[in-house]
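Notes follow the structure.
The chain is numbered in sequence order, starting from 1. All values derive from a computational prediction rather than experimental measurement.
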Amino acid sequence: MKRSSFPFVALLLIASLACNLLPGVERNTSVEPTAPPPDQADLTLSLGAPTGETIRPLLGVNIGPIPAGDNPANADLTEAYHQIGVTMIRTHDYYGPLDMAVMYPDQNADPSDPASYDFSASDEVFRAILAGGFEPYLRLGDSWNVRGLERRAPVNPGNWVRAAVEVVRRYDGMSRQAGVPLRYVEIWNEPNLKQFWDGTQAEFFDLFAATVTAVKAEFPDLKVGGPGLTPAGALSPQGQKYVRDFLANMQLHITPLDFLSWHVYANDPEDFVQAAIFYRQQLDAYGYTEAESHITEWNTAVKESRADDAPDLRYTAQGAAILSAAWIGLQEQGVDVSTFYRGPDPDINAPHFYGMFYADGRPKPIALAFSLWAELTRYPQRAALTASADSGLWTLAAQNGNGETAILIANPDEQGLTYRIVLPDGSAARAATVKMVSEASEGMQEFQAGDVIEIPGYSTQLVILANVPPLQASASLTTAPFDPAKLGTVERDLTYCTVDGVALKMDVYYPQTDSGPWPAVMYVHGGGWVGGDKGGGAGSKDIPALREAGYLVVAVNYRLAPEYKFPAMIEDVKCAVRSLRAHAVEYNLDPERIGVWGGSAGGHLVSLLGLSDESAGWDVGEYLDQSSRVQAVVDMFGPSDLTHLGDGDRARRRSAQVFGADGTDDPILAAASPVTHVTPDDPPFLILHGWEDDVVRPSQSQTLYDRLSQAGVPATLVMVENAGHSFKPVDGKISPSREEITQMVVDFFDQYLR
């Protein structure tokens with residue numbers, strides 16, 4: 001099967017790669033395949049324009065970077081993970097550390113008593129993940145061979161749920177302290193397999209629902225889901241019934257589900273595609289249309305009864321090609337998160353194990369192929385690619401802002417073939433650099449290709465075309481008249497601006513009734529400027545009410561640190577406002593009535609939107625004929641004076657990580673502080689902050705309110721009783737309630753935008 005046209009969404013940029021530094025990676029210019037004359041190519045790949053979509057990173061792994069197994073000679077993989085582009089680590093199968101049975105060994109012990117826990121081994125592993133700069137993906141459950149359990153199902157489910165909340169509290173806090181925010185909490189692993197769940201199906205459904213509800217109540221900004229279903233969940237009738245029963249139960253009890261996680265081990269790339277399709281269909285069918293789809297374990301299969309399922313796939317180029325084709329297929333189906341199983345082998349004498357790396361740190365072909373996947377994500381703008389015939393190749397093309405195009409090609413079949421690449425103007429691509437993982441070498445091969453390129457059987461290639469003229473992007477936003485068919489719908493992942501090849505995405509929520517042009521309100525998420533997503537954060541709870549009140553609601557993503565330092569974030573959200581005005585007709589919005597709201601780092605950015613004008617120098621990029629000023633601002637617990645964030649290690653680390661600041665007196669912190677930009681002509685502000693906030697001090701909001709009041713700017717400050725960061729309850733119900741806060745936001749925008 002050939003692949004040439006895929007829908008993709010939000011980009012998470014990775015650290016740059018240096019494949020030639022990998023152990024076992026070699027530059028081999030002597031193995032260039034012999035090409036036939038140009039007119040004898042088996043296949044033509046025609047490059048088209050960017051689609052307006054971006055490529056999902058899908059660059060997570062299970063376990064690591066600490067050495068696996070008991071042998072002290074086994075390698076730490078921190079640097080190797082960096083080199084191949086790993087961004088996320090799922091905390092599963094450390095065989096002890098981060099297993100609930102080890103962290104909370106006595107389920108009858110008081111979950112509120114710190115003495116009931118043993119975090120000694122878990123803390124060491126988790127700190128290694130954070131120290132390496134990898135995003136943690138926290139799994140709540142137990143490993144395959146967990147110690148000390150007579151049965152898998154908790155003997156005291158109530159205590160287990162409460163203990164799970166405390167585990168999340170510990171590692172969420174540790175992540176925040178390290179500046180690597182935790183986003184995902186996955187509950188359990190393969191409950192549709194007796195090795196992982198020996199209770200009844202109903203008992204698991206009850207435990208899962210109770211744990212989701214408890215964790216979400218304490219940590220509303222985290223995305224919580226699971227349960228890591230076995231491959232049978234999609235690939236067998238019995239497994240499919242389990243999935244439907246699970247989702248029906250969650251729906252019946254109105255259980256929140258931010259994502260569904262699942263596993264596939266197969267040797268046909270189509271199996272991965274079909275599984276992704278099945279799970280997306282089931283989520284939508286049961287009303288979880290906003291839930292993400294996560295594949296948290298995947299690899300080739302080992303079934304001794306079939307010759308093509310031999311275990312040597314795990315350490316051959318054939319296996320790497322199968323998995324590269326699967327990675328392309330996962331992109332096609334819009335999978336949101338991938339954590340490959342797994343990083344290291346536990347023992348040097350188990351080369352057929354699941355690891356991308358042998359126990360001593362040497363990369364297998366799959367690790368080399370993984371580095372090609374990661375390198376492709378550095379070309380974020382997806383480009384169309386069509387093939388002249390059905391060849392069995394799986395292909396994926398993308399372009400960066402420097403006129404360079406990269407094409408990932410996987411050939412999971414035994415038969416090799418030749419192809420040529422044709423540019424949109426009909427000319428043949430020349431001077432292509434090809435990086436290849438094949439059976440011809442244990443290392444990465446790299447060579448310069450001519451008009452015709454040969455791809456051997458069982459191989460993976462990344463073809464890089466330099467100096468391709470920038471292609472005309474297809475317009476994801478136009479000035480066409482408003483389409484009434486959009487009433488009551490949501491358009492997701494529209495590109496509002498493109499910066500250095502990075503397509504910035506937004507979701508647009510249309511009101512139900514056509515009473516426009518509507519006032520518009522734009523949501524900017526939090527996450528410490530280093531994480532978060534347009535669909536999450538404390539302020540996202542206000543989206544439904546604002547939409548119901550007749551506002552066109554827009555939620556935007558922006559570039560994140562540490563990959564992008566400030567002012568990238570404010571430049572992006574200013575571009576979003578200008579883009580809305582430029583497309584006011586299409587969105588049926590009133591360009592003179594635009595409000596913004598956001599929480600935490602988002603609160604900081606919306607405050608800057610309201611207070612800074614063109615003189616700040618942050619209006620750069622597209623739509624410069626439009627203004628980025630807004631007419632009303634709701635700031636939820638956002639920092640306003642960055643020179644007084646605090647003197648601790650955390651504040652210093654965040655100031656350096658996000659703003660590049662060298663100390664609290666660095667001028668960049670004053671320039672980036674909303675209070676610096678207050679003038680009498682600023683728009684009205686509603687400021688909300690929890691009295692018990694220990695992340696952003698309540699004094700930050702008081703300072704902003706005082707500065708606005710002194711300048712004569714209409715401003716209201718609401719301090720929320722018993723509320724911590726993100727309005728999380730502390731020692732009682734918050735006052736005003738979260739529902740009352742939402743109504744305040746609606747009333748405020750009604751006052752100034754109607």
Side-chain angles (χ1 to χ4, degrees), residues 10 52 473 475-484 486-499 502-511 514-525 533-535 539-540 542-543 546-547 549-559 568-598 602 605-614 616 618-635 682-684 745 748-750 752-754:
S476 58
L477 301 175
T478 70
T479 56
F482 174 68
D483 180 1
K486 294 181 179 179
L487 291 172
T489 67
V490 181
E491 287 189 295
R492 299 195 182 279
D493 297 306
L494 298 178
T495 299
Y496 65 81
C497 290
T498 301
V499 182
V502 179
L504 304 170
K505 299 297 184 177
M506 68 179 181
D507 297 339
V508 180
Y509 300 77
Y510 293 96
D514 188 4
S515 57
W518 302 297
V521 287
M522 187 176 86
Y523 172 61
V524 181
H525 69 81
D533 180 77
K534 53 185 165 49
S540 65
D542 306 310
I543 291 176
L546 287 163
R547 183 188 188 188
Y551 289 92
L552 179 80
V553 182
V554 176
V556 301
N557 277 342
Y558 50 89
R559 288 173 293 167
M569 307 83 178
I570 186 62
E571 290 174 352
D572 292 351
V573 295
K574 277 181 167 285
C575 196
V577 175
R578 298 196 307 270
S579 174
L580 290 177
R581 286 200 166 96
H583 299 281
V585 174
E586 178 186 356
Y587 291 115
N588 198 25
L589 67 86
D590 184 345
E592 301 304 317
R593 295 185 293 162
I594 298 179
V596 290
W597 90 103
L605 293 173
V606 298
S607 294
L608 281 183
L609 270 174
L611 300 173
S612 62
D613 57 21
E614 291 79 0
W618 298 327
D619 279 281
V620 297
E622 301 172 72
Y623 310 112
L624 293 178
D625 58 334
Q626 304 292 330
S627 171
S628 63
R629 296 307 299 269
V630 297
Q631 284 67 57
V633 179
V634 176
D635 166 24
D682 290 328
V745 173
F748 173 78
F749 283 135
D750 282 348
Y752 291 103
L753 298 181
R754 293 295 188 183

Query raised in the report: Which atoms form the tightest heavy-atom contact between F749 and G595, and what is the distance?
Result: CE2-CA, 3.9 Å
**Report entry** Qualifying residues under salt bridge (charged side-chain N to carboxylate O under 4.0 Å, His left out), relative to D750, sequence neighbours excluded
**Finding:** R754
**Report entry** Parallel, tilted or perpendicular, as decided by the 30° and 60° cut-offs, for the rings of W597 and Y523
**Finding:** tilted
Report summary line: When every non-hydrogen atom of P519 is compared with those of G550, the smallest separation belongs to CD-O, 4.1 Å
Requested in this report: Return the minimal non-hydrogen interatomic distance between P683 and V633, and the atom names on each side.
Outcome: CG-CG2, 4.1 Å
Query raised in the report: Which pair of heavy atoms, one from V634 and one from V745, lies closest together, and at what distance?
Result: CG1-CG2, 4.1 Å
Query raised in the report: K574 and D613: salt bridge (charged side-chain N to carboxylate O under 4.0 Å, His left out), yes or no, with the steps?
Result: CA-CA 10 Å; K574 277 181 167 285; D613 57 21; over 6 Å; no
Query raised in the report: Is the shortest side-chain N to carboxylate O distance from D533 to K505 below 4.0 Å?
Result: no
Query raised in the report: salt bridge (charged side-chain N to carboxylate O under 4.0 Å, His left out) with R593: which residues, sequence neighbours excluded?
Result: D590
Requested in this report: Please determine, by modelled atom types, if Y496 and H583 share a side-chain donor-acceptor pair under 3.5 angstrom.
Outcome: no
Query raised in the report: Cut-off 3.5 Å, side chains only: do Y558 and E571 have a donor facing an acceptor?
Result: no
Query raised in the report: Which distance, rounded to the nearest 0.5 Å, do you find between the CG of L552 and the CG of L589?
Result: 6.0 Å
